[in-house]
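Below you'll find the structure, written out as C-alpha cells, and then a few comments.
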Amino acid sequence: MDRRDFVVGSCKLLAGAACSVLFSSCSDFEEELPCLGPAAPPRPVAGMTYLWASKIGCALDCDLRNGSNSNSGGEATDDAPRINAAMAAASATNPITLIIDGAALISGLFLPAGGYWNIAGLGCGTGFFVKTGTNNDGIHNGGPGATEPPSPGPNAPLRGNSVSLQNFTINGNQGNGHDGDSTTGSTQGAPVWHFAINLMNLNNIEVENVVVVNSPSFQITFSNVGNVNVSGCVLRSQGPNTDGLHFDGPANDITISNCNITSGDDSIALNCPEGYGGNISRVTVTNCQFNSGSFLMRLHPIDDRNYVPKFTIDTVSVSNCSGTCAFAGFLVGHGGPAAPNAIDGLTVSNCSLSSPAILEIGANFGGVSLENVTLAPSYSSRVPGFAFARSSAYSIGCTYIGTSLTITNCTVQRKDGSSIPLFDVENGSSLANLVVNGYTASSTSASNTEIPMLINMGAGSIGQLAINSVDSAHIAGPVSPGGFLSIGSVTGTGVLATGWEFPDNVMADNVPYISATTGLPSIKIDGVVEPYTP
C-alpha cells in the first residue's frame, strides 16, 4: 500500500497523485548513464583499511546500463558475496574503504549496521547494478532483513557513525514487478519497498558525486540520521514513489548541494512520521536542479498513524534552485492535525520554478519566507489552478493556522491571461501575518489581462496584511469581493502606491491609502480618517 494513500480528518489526498509513467522493464532498454567524470582513488588515511574490489576476487564484469555481462552479453557474476564478506569486519577500530574499480552486479550490499565503512568509485563506469530478483535494497547498512523500519517503528536506536559513498553509479534495476530488482509483482517491492541506497541509524554520512538511476522506489533513503552531507549527485528515476532524497524522522543537520534530481515523486521528502518517527531539524539545500513528478520538497510533520499532532520540522533553507515540479515547489504539511507552528523557519531564496504553485499549505506553520523566487506557472491536471502560495489543492480540505508568510521581491511570470493570486486562503484556514515586500505579476500575453486580485479570500482569514511594495500594473485590486471582511487590518509603506482603494475600517493608523469611501488619499489618526497630503 502506498503510505500516502490515506484520509486524515477533513483532509483527503488527491487520488493517484504520486503516479507517473512506469518503465516496462529495465531489461527492455539500455540506460544512458550520467557521467560525473573520472575520479582518483581516495588519498590514504592513517588507520583506514583499503580494499580494491578487483583484488578481493570481484569479477567486475557487469554492464551498468542493463546488468548483462560486459564481455559476453550473457549473465554477469554476482560480486555481492565477496564484497559483503570483505566489508563485514568494519568497525570503529577497523574502518574499511572499498574501492570499486569496475562495474559489479550485486544481489544487495548488506554492510555493517554501525558504520565505519566507505565505498569509493573511480567515476564513470564504476559502480553497481542490482541483480534481478534481489528483492531488497541495493546498498544498506545491516543484514538483508534490515529494511526501513515499519510504520510505526520501535523507538529509534542509538546511531552508528561514519559512512561515505563517493564517485560511483548504482542502477537500481527498476522493472515491472517481475523482471527487475523486485519480482514480487510490485514495482516498488512487497511487502516493503526497495531503495537503491538505504542508510539507517547513522551520524556523519557523506554522499558525494553518486549517480542513481532506475530505483524501484525512493532513490536514497535516510532514517534516524544526523550530520548528513549530500553533494554533486545525479539522481534519475521515474515511476511511482521514486523520491530523490527521502528522510524519515528523526533527522538533523542535513546539507544538500549541487545536485540534479529527477524523480517520479518528491525530489526531497522530509517525512517525520515514517520509519521510527521523529522531528527533523536544520536542513540546507543549495545550488540544485529539480525535475519532480510531484513536489521539490515535501515537509510532512503529521503523525498519520494515529492522528496525533506530534512532530515538527524547523530551520529549512533552500536557495539557488531551479527546475520543474508537477504539483508545487513546496508542500508545507498535509494529511490532518498538526502541532502549532509544526513547520517553522522555512526560507526559500533565489529560486526559479515551473509549477502550478510555489507553496501548497496543508498544516500549521510558524515563519515562512520567500525571497527572489520566480514562478513560471505550468498546468497540472491532477492539481488544478494556480497561485504563488495557497491552501493545498493536493491535500484537499486541509485547514491550518499560520503565523507569518513573508514575500520579498518575488515574481509570477504569466505566458497567458491566467488569474494567479499571490495568496489563496481556503477551508477556514487562517494566517496571522502576510507581509509583501515586493511582488510582480508580469505578462507576456498579447491581451495583457489583469489578475483580478492580489489575494483570493476564498474561505479563510488574515490577521494583518502588510503591503510594503507591490507592482500593481497587472493586478486589478487587493482582494476578492467581500474579502476585506476576513482581514483584520491593512498596513505597510506601499499601500498608497498601489492605487487600490481600501475600506476605512480595515486600515491601520498612520498608513496612507486611498479610501474606498471618498476615492481620495486618506490616513487614519487615532482611528479617525483624515485627508492625506504627501
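Just so we're clear, the structure is a prediction, and the values are computed from it rather than from any experiment.
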Q. When you look at Asp265 and Arg298, which way does the salt bridge (charged side-chain N to carboxylate O under 4.0 Å, His left out) test go after all the steps?
A. CA-CA 10 Å; Asp265 203 341; Arg298 180 188 300 252; 3.8 Å; yes

Q: Provide the closest heavy-atom pair for Pro356 versus Leu375 in the form atom of the first, atom of the second, distance.
A: O-CD2, 4.3 Å

Q | Non-hydrogen atoms of Asp137 and Phe195 that approach each other most closely | A | OD1-N, 2.8 Å

Q.
With no hydrogens and no angle check, just 3.5 Å: does a side-chain donor-acceptor pair link Asn161 and Asn203?
A. no

Q) When you measure from the side chain of Asn279 to the backbone N and O of Cys272, does any donor-acceptor pair fall under 3.5 Å? A) no

Q) Are Phe168 and Phe128 an aromatic pair by the rule of ring centers under 6.0 Å? A) yes

Q) How many angstroms lie between atom CG of Asn214 and atom CG of Asn171, to the nearest 0.5 angstrom? A) 4.5 Å

(Q) Quick one, Ser469 and Asn437 - any side-chain contact, counting heavy atoms below 4.5 Å? (A) no

Q: Spell out, as yes or no, whether a donor-acceptor pair under 3.5 Å connects the side chain of Asn118 to the backbone of Ser164.
A: yes

(Q) Tell me every residue that passes side-chain hydrogen bond (donor to acceptor under 3.5 Å, both in side chains) with Asp509, counting only those two or more places apart in sequence or in another chain. (A) none

Q.
With a 4.5 Å cut-off on side-chain heavy atoms, are Pro250 and Asn224 touching?
A. yes

Q: Return the set of residues passing side-chain hydrogen bond (donor to acceptor under 3.5 Å, both in side chains) with Asn350 (not counting sequence neighbours), or none when no residue passes.
A: Asn372

Q) Does any N or O in the side chain of Thr408 come within less than 3.5 Å of the main-chain N or O of Glu371, such that one atom is a donor and the other an acceptor? A) no

Q: Output yes when a side-chain donor or acceptor of Asn427 lies under 3.5 Å from a complementary backbone atom of Cys398, and no otherwise.
A: yes

Q) When you measure from the side chain of Asp253 to the backbone N and O of Arg282, does any donor-acceptor pair fall under 3.5 Å? A) no

Q | All disulfide (SG to SG under 2.5 Å) counterparts of Cys321, not counting sequence neighbours | A | Cys351

Q: Work out which heavy atom in Leu296 is nearest to a heavy atom in Leu353; give both atom names and the distance.
A: CD1-CD2, 3.8 Å

(Q) Within the 4.5 Å heavy-atom criterion, are Thr312 and Ile343 side-chain neighbours or not? (A) no

Q: May I ask you to decide if Ile475's main-chain N or O and Trp500's side chain share a donor-acceptor pair within less than 3.5 Å?
A: yes

Q | From CA spacing to verdict: side chain to side chain contact (heavy atoms under 4.5 Å, CB included), Met200, Arg159 | A | CA-CA 8 Å; Met200 302 159 282; Arg159 296 173 181 172; over 6 Å; no

Q | Donor-acceptor contact below 3.5 Å, side chain Gln174 vs main chain Ser215 | A | yes

Q. Side-chain contact, heavy-atom cut-off 4.5 Å: Leu434 with Phe423?
A. yes

Q.
Does Ile361 form a side chain to side chain contact (heavy atoms under 4.5 Å, CB included) with Ser391? I'd like the steps, not just the answer.
A. CA-CA 5 Å; Ile361 306 172; Ser391 298; 5.7 Å; no

Q. So, Asn201 and Ser223: side-chain donor and acceptor under 3.5 Å apart, yes or no?
A. no

(Q) Could you check whether Glu360 pairs with Arg390 (Lys NZ or Arg NE/NH1/NH2 to Asp/Glu carboxylate O, under 4.0 Å)? (A) yes

Q) Under the side chain to side chain contact (heavy atoms under 4.5 Å, CB included) criterion, do Gln188 and His194 qualify, and how do the steps go? A) CA-CA 6 Å; Gln188 299 97 319; His194 310 323; over 6 Å; no

Q. Judged by atom type as modelled, is there a donor-acceptor pair below 3.5 Å linking the side chain of Gln219 to the main-chain atoms of Thr262?
A. yes

Q.
Below 30° counts as parallel, above 60° as perpendicular, anything between as tilted: where do the rings of Tyr439 and Phe388 land?
A. perpendicular

Q. Closest approach of Ser237 and Thr242, non-hydrogen atoms and distance?
A. O-OG1, 3.4 Å

Q: Answer yes or no: are there more than 12 heavy-atom neighbours, outside Asn510 itself, under 6.0 Å from its atom CG?
A: yes

(Q) Has Thr406 got a side-chain atom pairing as donor or acceptor with Ser369's backbone, closer than 3.5 angstrom? (A) no

Q: Answer with yes or no whether the side chains of Gln166 and Asn209 bring together a donor and an acceptor at under 3.5 Å.
A: no

Q: Of all the heavy-atom pairs spanning Pro377 and Phe386, show the shortest one and how long it is.
A: CB-CD2, 3.7 Å

Q. Judged by atom type as modelled, is there a donor-acceptor pair below 3.5 Å linking the side chain of Asp471 to the main-chain atoms of Ala473?
A. yes

Q: With side chain to side chain contact (heavy atoms under 4.5 Å, CB included) as the test, would you mind laying out the steps for Leu245 and Ile256 before giving the verdict?
A: CA-CA 9 Å; Leu245 300 171; Ile256 301 165; 3.8 Å; yes

Q.
For Ile514, is the CD1 atom crowded, meaning more than 12 foreign heavy atoms sit under 6.0 Å from it?
A. yes

Q: Answer yes or no: is there a side-chain heavy-atom contact under 4.5 Å between Ile358 and Val348?
A: no

Q: Give the ring-plane orientation class for His246 versus Phe218, where under 30° counts as parallel, over 60° as perpendicular and anything between as tilted.
A: parallel

(Q) Suppose we call two aromatic rings close when their centres sit under 6.0 Å apart. Are Phe327 and Phe295 close by that rule? (A) yes

Q: Return the minimal non-hydrogen interatomic distance between Val234 and Leu36, and the atom names on each side.
A: CG2-CD2, 3.8 Å

Q: Could you walk me through whether Asn291 and Ser263 pass the side chain to side chain donor-acceptor pair (under 3.5 Å) test, one step at a time?
A: CA-CA 6 Å; Asn291 184 356; Ser263 59; over 6 Å; no

Q: Tell me yes or no: between the side chains of Ser281 and Asp314, is some donor less than 3.5 Å from an acceptor?
A: yes

